[in-house]
Structures are given as structure tokens and as C-alpha cells.
Amino acid sequence: VGQSEFQQSFRTLAQRRGSRLVLALDVEDYGRARGLAEACGGELAALKVHPEHALLWGVSHAELVKTLSGLAGGAPVILDAKLADIGESNAFKARYYFAQGYGAIICHGFPGEKAVKAVVGEADARGRGVLLLAAMTSEGHLFNESNADALVAIARQAGAAGVIAPGNQYELLARIRSRLGSDALVLSPGIGAQGGEAAQAFRAGADLAIVGRAIVNAADPKAAARELKEALNQAAGGR
Ligand code: NUP
């Protein structure tokens, strides 16, 4: 029940913000990250950071979430933790990160259903979300149709709010979406710098796009974010 409530509230929030764009704040300088959150915030559904950003930027996780979300007009911050541990360890990491204010956490499914359920349990207790990596965008990855199917089954059985699926591999993305059903959230990185196209990724079943370099390295990040936001809204059509 917890994760379906998160699905609903995340969709409603994205709708209210008028955006299907998640900005990956992949910059090494905290001042730059803050500038990007502030400039692009109005164009975004959410922000995404890695756990290492707190170390790199020299701020606590709690401070990072509060500051960046505040600058971006209250956008939730998704943590790209890629948790891949046994249930007990996954649970303590998730508990810690959720307590810092992260709205959702990304985890791997290959440690198995029980390990994912441990993260979902922590998320459900706090109204937060879990997104499972069904496949990756990286060149030469070891995901294929058969293990992506197994990972989608784990996402469903563990009750995750949704998955991360590659926005640069349309057939695999479409397969993941069809096996996952329409309620679950599908967030797709890989658009822009990794060769994916928004229209094709959304046709294949993405709900939201996770984009870093195409925005953060643009001469005018705010304009790039706005253009992309509009392209994504158009690609999503009435969905
Ligand atoms: O399969 C994945 N591919 C991927 O690029 C899973 C991810 N979480 N990501 C992340 O999305 C990656 O770590 C980066 O933060 C972002 C994509 O950035 P860019 O290629 O748009 O710059």
C-alpha cells in the first residue's frame, strides 16, 4: 500500500509541477549545484544526487536535501544510492538516508527480493519511494531480457514504486514497461549525453527522464531544462 501511495503522490507532484524531468546534479562544486537547482528548479519534477555528493560538497545529507529542495521550489530529492546489499544492510542504509529527507532511493534488484523488500519496508514506514534498477544505460552492461524480466518480477513482488530503465535502449525499455504494468513509475536516464531521445524513450514507456549532462553542461542550463521539459511533456502526450 505504501508504495502505491508514493506512486500516486509522485505523479500528482510531477503533474502539479508540470514536468517529467529529473535533474541529475552531477557536478563537483556545491555552489554550482545550488546555482543549478535554483535556476532549473521551476522546470523540474525532482532532483537526483549520489550519496557521494554530500562528501564531495562537504555538507551533511540533511543540509543538502533541505538546501537543494528549497532552492528548487520544494522538488523532492532522489538518492541514486544503487543499494546492492543484504536485507539488513540495505535496511540500515535506507533508514539513515530517509531520515536525512530523501524522497526516494534507487536500489539494485540482483541481491534478491528479500533485500529489496527490506528497503521497501523502510520507505513504506515514511511515505518514501523505492526505484529498482531493471537494466542500465551503460555500454557493455550485463543486463539482458531474461534478467531484466527477473528484476521486474522482483520489483513487483517486493512492491517497489517503480524502476529505472534505460532511455537509450528502447526495446528493452518497452519490454520492462509491458511486464511492469502501467501503475509503476518508470524513470529513464540515458537521454542526451548517452544517446537516447526523449520521444523514443517516452514512446517505449518512460514516465520521467533523468538528465544530467545535457543540462548541467549547457551554456544556459535553465533554457536547456525548459526546452527538455517541454519536449518531454509533448512526448508524453495525454499520459
Ligand atoms: O542505468 C543508469 N544510467 C544512468 O546514467 C542508471 C543511473 N542511475 N544513471 C544515472 O543517471 C547516472 O549515474 C547519472 O547520474 C544520470 C545520467 O546522467 P547523464 O548521462 O544525463 O549525464
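Heavy atoms only: backbone and side chains are in, while hydrogens, waters and symmetry mates are out. First listed ligand is number 1; within each ligand, the first listed atom is number 1.
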Visitor: Do you know which two heavy atoms are closest between Ala33 and Leu25, and how far apart they sit?
Guide: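 Closest approach of Ala33 to Leu25, heavy atoms only: O-CD2, 3.8 Å.
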Visitor: Atom 3 (N) of ligand 1: which protein heavy atom is closest, and how many Å away?
Guide: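 Its nearest protein heavy-atom neighbour is Thr137 OG1, 2.7 Å.
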Visitor: Looking only at the side chains, is there a donor atom on one of Gln8 and Glu5 sitting less than 3.5 Å from an acceptor on the other?
Guide: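 No pair is found: no donor N or O on one side chain lies under 3.5 Å from an acceptor on the other.
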Visitor: Considering non-hydrogen atoms of the protein only, which is the closest contact for atom 17 (C) of ligand 1, and what is the distance?
Guide: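 Scanning the protein heavy atoms, the shortest distance from atom 17 (C) of ligand 1 goes to Gln194 NE2, 3.7 Å.
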Visitor: Is Lys82 near ligand 1, meaning one of its heavy atoms is under 4.0 Å from it?
Guide: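 Per 4.0 Å heavy-atom rule, Lys82 contacts ligand 1.
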Visitor: What atoms in ligand 1 come closer than 4.0 Å to a heavy atom of Asp80?
Guide: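 Going through ligand 1 atom by atom, the ones under 4.0 Å from Asp80 are 7 (C), 8 (N), 10 (C), 13 (O).
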Visitor: By number and element, which atoms of ligand 1 are closer than 4.0 Å to a non-hydrogen atom of His50?
Guide: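 So the answer, numbered in order with elements, is 13 (O), 15 (O).
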Visitor: Side chains of Tyr102 and His61: is there a donor and an acceptor less than 3.5 Å apart?
Guide: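 A pair is found: one side chain offers a donor N or O, the other an acceptor, under 3.5 Å apart.
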Visitor: Hey, is ligand 1 close enough to Lys48 that some N/O pair sits below 3.5 Å?
Guide: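 Lys48 vs ligand 1: N/O contact under 3.5 Å present.
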Visitor: Looking at Pro189, which atoms of ligand 1 are within less than 4.0 Å of one of its heavy atoms?
Guide: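 So the answer, numbered in order with elements, is 2 (C), 3 (N), 4 (C), 5 (O), 6 (C), 7 (C), 9 (N), 11 (O).
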Visitor: Relative to the heavy atoms of Val211, which atoms of ligand 1 are at a distance of less than 4.0 Å?
Guide: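 Within the 4.0 Å cut-off of Val211, ligand 1 contributes 21 (O).
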Visitor: Where is the nearest protein heavy atom to atom 15 (O) of ligand 1: which residue, which atom, and how far?
Guide: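 Answer for atom 15 (O) of ligand 1: Asp26 OD2, 2.6 Å.
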Visitor: By the ring-ring contact (aromatic ring centres under 6.0 Å, His included) test, which pairs, at least two apart or in different chains, include something from residues 133-167?
Guide: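 For residues 133-167, and leaving out neighbouring residues, the ring-ring contact (aromatic ring centres under 6.0 Å, His included) pairs sorted by first residue read His141-Phe143.
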Visitor: Test: side-chain hydrogen bond (donor to acceptor under 3.5 Å, both in side chains). Region: residues 208-220. Which pairs qualify, not counting sequence neighbours?
Guide: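 Every pair satisfying side-chain hydrogen bond (donor to acceptor under 3.5 Å, both in side chains) with a residue in residues 208-220: there are none.
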Visitor: For the pair Glu122 (side chain) and Ala94 (backbone), establish whether a donor and an acceptor sit closer than 3.5 Å, ignoring hydrogens and angles.
Guide: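 Flag not set: sc Glu122 to bb Ala94 has no pair under 3.5 Å.
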Visitor: Can you confirm if the NZ or CZ of Arg95 lies within 45° of the ring axis of Tyr97 and under 6.0 Å from the centre of its six-membered ring?
Guide: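 Here Arg95 fails the 6.0 Å and 45° test against Tyr97.
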Visitor: Within the structure, is a non-hydrogen atom of Ile106 found at a distance of less than 4.0 Å from ligand 1?
Guide: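 Per 4.0 Å heavy-atom rule, Ile106 does not contact ligand 1.
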Visitor: Do any nitrogen or oxygen atoms of Gly212 come within less than 3.5 Å of a nitrogen or oxygen of ligand 1?
Guide: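 Yes, at least one N or O pair falls under 3.5 Å.
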Visitor: For the backbone of Asp207 and the side chain of Arg20, can you confirm whether one donor and one acceptor N or O come within less than 3.5 Å of each other?
Guide: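 Checked: pair present.
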Visitor: For ligand 1, which atoms, with element, lie under 4.0 Å from some heavy atom of Arg213?
Guide: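 Listed by number with element, the hits are 19 (P), 20 (O), 21 (O), 22 (O).
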